[in-house]
Structure formats: C-alpha cells, structure tokens
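Here is the structure we will look at.
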Amino acid sequence: MSVSVLFRIEDLLVQFGGLRAIDAFSMEVEQGSIHALIGPNGAGKSTVLNCVSRFVTPRSGRMVFDGRDLLAARPHVVTRMGIARTFQNIELCREMSVLENVLVGAMSQTPRYLPFLPGFARGRIERDAVMQAEALLERTGLLPFRDAKAADLDFGRQKLLDLTRALAAKPRMLFLDEPAAGLRNAEITALDALLVDLVRGGGLTIVLVEHVMQLVMSVADHITVLNFGRRIADGGPAEIRRNPDVIEAYLGTDAHAAG
Ligand code: ADP
Ligand code: MG
C-alpha cells in the first residue's frame, strides 16, 4: 500500500439473499482527501458504509484502514481506530440536548476508567469534554442551539448535529452518508466550506456519499461511481463529469432531477 493511501477496499462482495449488493468492488482513499462515492439509488453506497461500520458482513474481500484489517476488528474497535460516520437517516438522541448529543459522540474517547477516578479528576475530564463539545458546536454553527432539544431543531440543523456528533469522536476518517440531502442552498454552501476546512485545516480524510452534484463536484478530489454494486468509473471530477457510462447511469437522470 502506498504511504498516502489511508483506506482501501479490495474486491468486496456483499450478498443479501440472491442479490449481489456489492460485487468485486475496490477503491483507494488518499489521506487528507475528500473522496466522493456516488451512484443511483440502490447502487450500494450505504452498504459499503455499513461494511465499514461492521453492521454488514461481506461475503469476501478486504477493507484496510491505516494498514489494519477492518474486517478482523470488532465494531467498537473500528470507532477507536479513528473512524466515524453519519447516517442517511439521521440518528440522534432526539430527547437529549444538542450539547448532550455531541457529548455522546465524544464518549468513545473518554477513558474507560473514568467512573473509578476521584470526583475532582472526573469533574475536570467532564468539564474538558464540555469545552471541546462547545468548540465543535461553534465550528459547525450550532453553539446558539446548545441547550435546545435535538428533536426541536429544523432538518438542516439536525443533519449538522449528526455531523458534529461524529466529529466529537475526533476521527481520522469520516464517512458521510448524504449529508446534503434535504438541505437548502445556503446550508449546502456552508457544508461545502466546512468539509473543505475539516480536510485542509484539520487533516481529516472524508468519504462522501452524496447525490447533490453541486457539492460533489465542488469539494471532491476524487470520485468513485457505483452502479448495481459495481464500480463503473473512478477519477477526478472533470473526468467523471464527461464519462459516458456515468452520464448514462447517473448524471443524465439525477443531475436533471437535482436541477
Ligand atoms: P444506496 O445507498 O446506494 O442507495 P444501498 O446500499 O442502501 O444503496 O442498497 C443497495 C441494495 O442492497 C439495494 O437493492 C437494497 O435494497 C439492498 N439492501 C441494502 N441493505 C439491505 C439489507 N440489510 N438487507 C437486504 N437488502 C439490502
Ligand atoms: Mg444510501
């Protein structure tokens, strides 16, 4: 593996009953890049992410993160290795506050011996966690809603909170499942700037599953295209935009629909 590749999928096969949801799929993600994974509905994009989170077990193939075999790792170990994700259907603790949701995201980083520490030490760690959560909320623009109930946020802010919660785990690599879906234009522009800042300024590596082509073409360094579980194209945005297979399978229809 070349030194600049942080994450690699090799020859992945996922089968649901008789359906080959992912078939002979490979991709390589360079450290410090935004790598978009696109394709029509049902192409298998979320399934790839579910393999990374270990919710779905592939029939065969390999997934390697920073030289470590992900398929050999238990799900909680994947988080501790520095991998975080968001979900296509937002997964928040709806009755908890915005701040509490971010603290839940940070919990994978808190020491397991926390409950056994004397009160003063525990208090300091907890205060630090709150300060870090507030700093993150400031970065994503949600600090004014710190004490609001997650369920009371509008849709765009719930998606942003899902992203903030994922960032609280201090990941090295972040998988985003359609973060721009349902967002208004101004929110997409803000998300665009945030993703670029996280990668260029924060050293994060991002895999972006997304239908909103305006965002993909603007932020992606590299694009992989899936159709019926198979990779049909792989390359830079300009190359992908004029690839006839991609236009036929995807851009021709969805780019129109997205207007
Ligand atoms: P995408 O995210 O690209 O829209 P998905 O990965 O969600 O596509 O789905 C790919 C295919 O696999 C679809 O045909 C879907 O119905 C099927 N699929 C996904 N998850 C499951 C599951 N847990 N059980 C059975 N079929 C599934
Ligand atoms: Mg999906």
Side-chain angles (χ1 to χ4, degrees), residues 7-29 34-63 65 70-71 74-75 78 83-92 155-156 158-163 165-166 173-183 187-188 191 195 206-217 219-220 222-235 237 240-241 243 245-258:
F7 174 70
R8 180 164 71 175
I9 295 176
E10 266 174 44
D11 211 16
L12 202 68
L13 170 64
V14 175
Q15 212 153 335
F16 296 120
L19 172 76
R20 285 192 171 214
I22 301 292
D23 197 0
F25 177 68
S26 300
M27 80 182 227
E28 281 192 346
V29 180
I34 298 181
H35 192 125
L37 179 59
I38 68 172
N41 269 325
K45 307 177 298 294
S46 294
T47 299
V48 171
L49 266 48
N50 287 338
C51 289
V52 175
S53 321
R54 311 287 285 103
F55 297 149
V56 165
T57 303
R59 191 61 67 93
S60 59
R62 270 164 50 91
M63 292 190 302
F65 173 71
L70 272 193
L71 292 176
R74 307 257 298 278
V78 171
I83 292 180
R85 74 171 291 184
T86 64
F87 292 87
Q88 193 170 343
N89 305 307
I90 308 170
E91 307 242 336
L92 295 170
F155 181 76
Q158 287 192 17
K159 295 208 70 145
L160 209 48
L161 178 55
D162 197 24
L163 175 57
R165 179 192 52 74
M173 183 150 186
L174 181 60
F175 291 81
L176 302 175
D177 203 346
E178 303 201 17
L183 296 193
E187 292 171 327
I188 293 174
L191 178 64
L195 296 186
I206 294 178
V207 169
L208 173 68
V209 169
E210 188 52 74
H211 271 298
V212 177
M213 282 306 126
Q214 165 203 349
L215 179 66
V216 169
M217 292 300 171
V219 302
H222 199 96
I223 301 175
T224 298
V225 188
L226 264 179
N227 197 21
F228 296 114
R230 285 186 157 268
R231 189 173 89 177
I232 59 165
D234 193 72
I240 293 301
R241 209 197 294 261
N243 181 307
D245 293 337
V246 177
I247 293 167
E248 170 158 5
Y250 184 66
L251 292 175
T253 49
D254 282 71
H256 267 292

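One-based numbering, in listed order, for ligands and for the atoms of each. Small disclaimer: the values here were computed from a predicted structure and weren't measured.
For ligand 1, the atoms sitting less than 4.0 Å from at least one non-hydrogen atom of Ala21 are 12 (O), numbered in the order shown with element in parentheses.
Seen from the Mg ion (ligand 2), atom OG on Ser46 and atom OE1 on Gln88 lie at an angle near 80° (rounded to 10 degrees).
With rounding to the nearest 0.5 angstrom, the CE atom of Met27 is 5.0 Å from the CD1 atom of Ile9.
Note on ligand 1: Gly44 sits in its first shell, one or more heavy atoms being nearer than 4.0 Å.
No side-chain donor from either of Ser26 and Glu10 sits under 3.5 Å from a side-chain acceptor of the other. Side-chain contact, Thr86 with Asp177: no donor N or O sits under 3.5 Å from an acceptor N or O.
Partner of Cys51 under the side-chain contact (heavy atoms from CB on, under 4.5 Å) criterion, out of Ile22, Thr57, Val14: Val14 alone.
The nearest non-hydrogen atom to atom 18 (N) of ligand 1, considering only Phe228, Phe16, Phe55, comes from Phe16.
Atom 22 (C) of ligand 1 lies below 4.0 Å from at least one non-hydrogen atom of the protein. Closer than 4.0 Å to atom 12 (O) of ligand 1 lies at least one heavy atom of the protein.
Atom 6 (O) of ligand 1 has Thr47 OG1, 2.6 Å as its closest protein atom, hydrogens excluded (heavy atom only). In terms of protein heavy-atom proximity, atom 7 (O) of ligand 1 is nearest to Ser46 CB, 3.8 Å. Here the protein heavy atom with the shortest distance to atom 14 (O) of ligand 1 is Leu19 CD2, 3.5 Å.
Residue contacts with ligand 1: Ala43 is placed with a nitrogen or oxygen under 3.5 Å of a nitrogen or oxygen of the ligand (distance criterion only). Considering backbone and side-chain N/O atoms, Gly42 comes within less than 3.5 Å of an N/O atom of ligand 1.
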### Message
Is there a side-chain contact (heavy atoms from CB on, under 4.5 Å) between Met173 and Ile206? Walk through the geometry before answering.
### Response
CA-CA 6 Å; Met173 183 150 186; Ile206 294 178; over 6 Å; no
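A 6.0 Å sphere centred on CZ of Phe87 holds more than 12 heavy atoms belonging to other residues, nucleotides or ligands.
You'll find the side chain of Pro179 stays beyond 4.5 Å of the side chain of Leu163, heavy atoms only.
With salt bridges taken as basic N to acidic carboxylate O contacts below 4.0 Å, none links Lys159 and Asp162.
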